[in-house]
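Here the structure comes first, spelled out in structure tokens, and everything after it is commentary.
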There are 2 protein chains.
Amino acid sequence: MSKDLYRKKTQIFKALAHPTRLFIIDKLENGECCVCEFVNELDVDFSTVSKHLSVLKNAGIIIDEKRGQQVYYTLVMRCVCTFSHCIETFLNKE
Amino acid sequence: MSKDLYRKKTQIFKALAHPTRLFIIDKLENGECCVCEFVNELDVDFSTVSKHLSVLKNAGIIIDEKRGQQVYYTLVMRCVCTFSHCIETFLNKE
DNA sequence: TGGTTATTTGGCAATTTTACCAAATAACCA
DNA sequence: TGGTTATTTGGTAAAATTGCCAAATAACCA
């Protein structure tokens with residue numbers, strides 16, 4: 001496999017490698033959410049949440065749609081959830 | 001889900017988020033390898049390879065076994081491969 | 001138009017990750 | 001025992017990531 005493909009794949013894993021971003025993915029598993037919903041549940045600045053969302057968006061894991069004043073995010077790379085659940089099972093065994 | 005679980009899950013993703021470590025995982029999909037095999041195929045210092053292996057080992061993704069002078073590594077978190085293939089499919093679509 | 005709300009962007013200091021070199025350890029063999 | 005090979009560990013400078021604040025944008029409403 002090419003170096004470039006490994007680099008691109010790495011970007012996906014890097015995008016997921018943060019507690020806040022994993023929380024966002026978990027919430028999105030059950031359907032779209034607007035930015036304000038994440039801000040309400042996370043104890044971080046709204047600008048920080050926005051930057052985490054843009055990391056996931058740039059990686060192609062989620063997409064955004066503006067409706068009125070709000071921006072809604074949707075999970076497109078659904079297999080992240082499958083893997084995430086596998087990790088949970090794995091962690092429970094230890 | 002607890003903050004601690006998110007932190008632990010993040011460690012798994014961080015451990016995977018490097019081109020060299022993804023290459024290692026790919027090779028291990030087909031069975032165990034010794035450190036020297038990775039060093040031969042990667043254009044980095046052997047101490048660097050060793051440190052990447054220890055990152056994966058500490059995350060519980062691979063395990064090691066010493067036989068003679070050599071150390072062999074085996075992939076235990078096999079679902080990483082499934083996800084890795086999903087990402088490849090995803091990247092090919094774009 | 002002016003004000004309010006929702007979100008993103010720019011900038012920056014603190015923290016984390018990375019890769020190399022040199023040195024340490026460990027197993028084997030002469 | 002001494003030398004060689006395989007691997008890990010410690011140290012360090014460079015690069016990347018993070019989270020906050022302040023400022024910019026963008027949409028809505030009075």
Side-chain angles (χ1 to χ4, degrees), chain A residues 3-4 6-28 31-75 80, chain B residues 3-4 6-25 27-28 31-75:
Chain A
K3 261 187 181 172
D4 187 55
Y6 278 115
R7 198 182 49 71
K8 285 178 182 161
K9 255 166 115 167
T10 300
Q11 281 314 110
I12 305 284
F13 280 103
K14 280 196 184 196
L16 294 165
H18 192 286
T20 300
R21 298 199 288 266
L22 288 181
F23 174 83
I24 289 171
I25 296 290
D26 268 4
K27 267 197 74 73
L28 291 179
E32 65 170 24
C33 293
C34 89
V35 180
C36 57
E37 291 178 76
F38 300 122
V39 174
N40 288 336
E41 295 190 45
L42 289 161
D43 195 25
V44 286
D45 196 77
F46 52 87
S47 69
T48 303
V49 173
S50 178
K51 280 186 182 172
H52 283 305
L53 287 164
S54 82
V55 169
L56 291 168
K57 182 184 161 187
N58 289 334
I61 299 166
I62 63 177
I63 54 173
D64 63 341
E65 188 194 352
K66 184 151 198 171
R67 290 209 291 278
Q69 292 174 79
Q70 297 178 320
V71 179
Y72 288 85
Y73 281 92
T74 304
L75 180 62
V80 175
Chain B
K3 261 187 182 174
D4 188 54
Y6 278 116
R7 199 182 48 72
K8 284 179 182 162
K9 254 166 116 168
T10 299
Q11 281 315 110
I12 306 284
F13 280 103
K14 280 195 185 198
L16 294 165
H18 192 285
T20 300
R21 298 199 288 267
L22 288 181
F23 174 83
I24 289 171
I25 296 290
K27 265 198 75 73
L28 291 179
E32 65 170 23
C33 292
C34 89
V35 180
C36 57
E37 292 178 76
F38 299 122
V39 174
N40 288 336
E41 296 190 46
L42 290 162
D43 195 25
V44 286
D45 196 77
F46 51 87
S47 69
T48 303
V49 173
S50 178
K51 280 184 181 170
H52 283 305
L53 286 164
S54 82
V55 168
L56 290 168
K57 182 185 160 185
N58 289 334
I61 298 166
I62 62 177
I63 54 173
D64 63 340
E65 187 194 354
K66 183 151 198 169
R67 291 208 291 277
Q69 293 174 78
Q70 296 178 321
V71 180
Y72 288 85
Y73 283 90
T74 304
L75 180 62

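FYI, side chains are in, hydrogens and waters are out, and symmetry mates aren't considered; it's all heavy atoms of this structure. First the proteins, then the strands, lettered A, B, ... as listed; each starts at 1.
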query: Whole-Å distance between D:dG19 C1' and A:I24 CD1?
result: 14 Å
message: For C:dT17 and B:H52 - does any side-chain N or O of the residue sit under 4.0 Å from the phosphate oxygens OP1/OP2?
response: no
Secondary-structure stems for DNA chain C, with pairs counted as Watson-Crick or G-U when both distances are under 3.5 Å and runs at least 3 long: C:1-30 with D:1-30
- prompt: Who pairs with A:V35 by side-chain contact (heavy atoms from CB on, under 4.5 Å), at least two apart in sequence or on another chain?
  reply: A:V39, A:V49, A:L53, A:V71, A:Y73
- line: Residue pairs passing the salt bridge (Lys or Arg N to Asp or Glu O under 4.0 Å) test with at least one member in residues 38-48 of chain B, sequence neighbours excluded, are B:K27-B:E41
Protein proximity profile, nucleotides 3-11 of chain C - base contact B, sugar-phosphate-only contact S, no contact -, cut-off 4.0 Å on heavy atoms: --BSBBBBB
- prompt: Among pairs that include at least one residue of residues 56-66 of chain B, which meet side-chain hydrogen bond (donor to acceptor under 3.5 Å, both in side chains), considering only residues two or more places apart or in two chains?
  reply: B:K57-B:D64, B:E65-B:R67
- request: For A:R67, answer base if it contacts any base atom (sugar-phosphate contacts may also be present), sugar-phosphate if it contacts only those atoms, and nothing otherwise; contact means non-hydrogen atoms under 4.0 Å.
  value: nothing
field: d(NE2, B:H18; P, D:dA15) in whole Å
entry: 14 Å
statement: Those residues at least two apart in sequence (or on a different chain) that pass side-chain contact (heavy atoms from CB on, under 4.5 Å) with B:K8 are A:L91, B:D4
- request: List in chain and number order the residues that pass salt bridge (charged side-chain N to carboxylate O under 4.0 Å, His left out) with A:K14, two or more places apart in sequence or in another chain; answer none if no residue qualifies.
  value: none
- line: By disulfide (SG to SG under 2.5 Å), B:C34 pairs with (sequence neighbours left out) B:C36
message: If I take atom CZ in residue A:R21 and atom P in nucleotide D:dG19, what distance separates them, rounded to the nearest angstrom?
response: 8 Å
message: Please report the distance, rounded to the nearest Å, between CD in A:Q11 and C1' in C:dT17.
response: 14 Å
- prompt: Counting N and O atoms only, with roles assigned by atom type, does the side chain of A:S50 sit under 3.5 Å from a partner on the main chain of A:F46, one being a donor and the other an acceptor?
  reply: no
- line: With sequence neighbours left out, the residues meeting side chain to side chain donor-acceptor pair (under 3.5 Å) with A:H18 are none
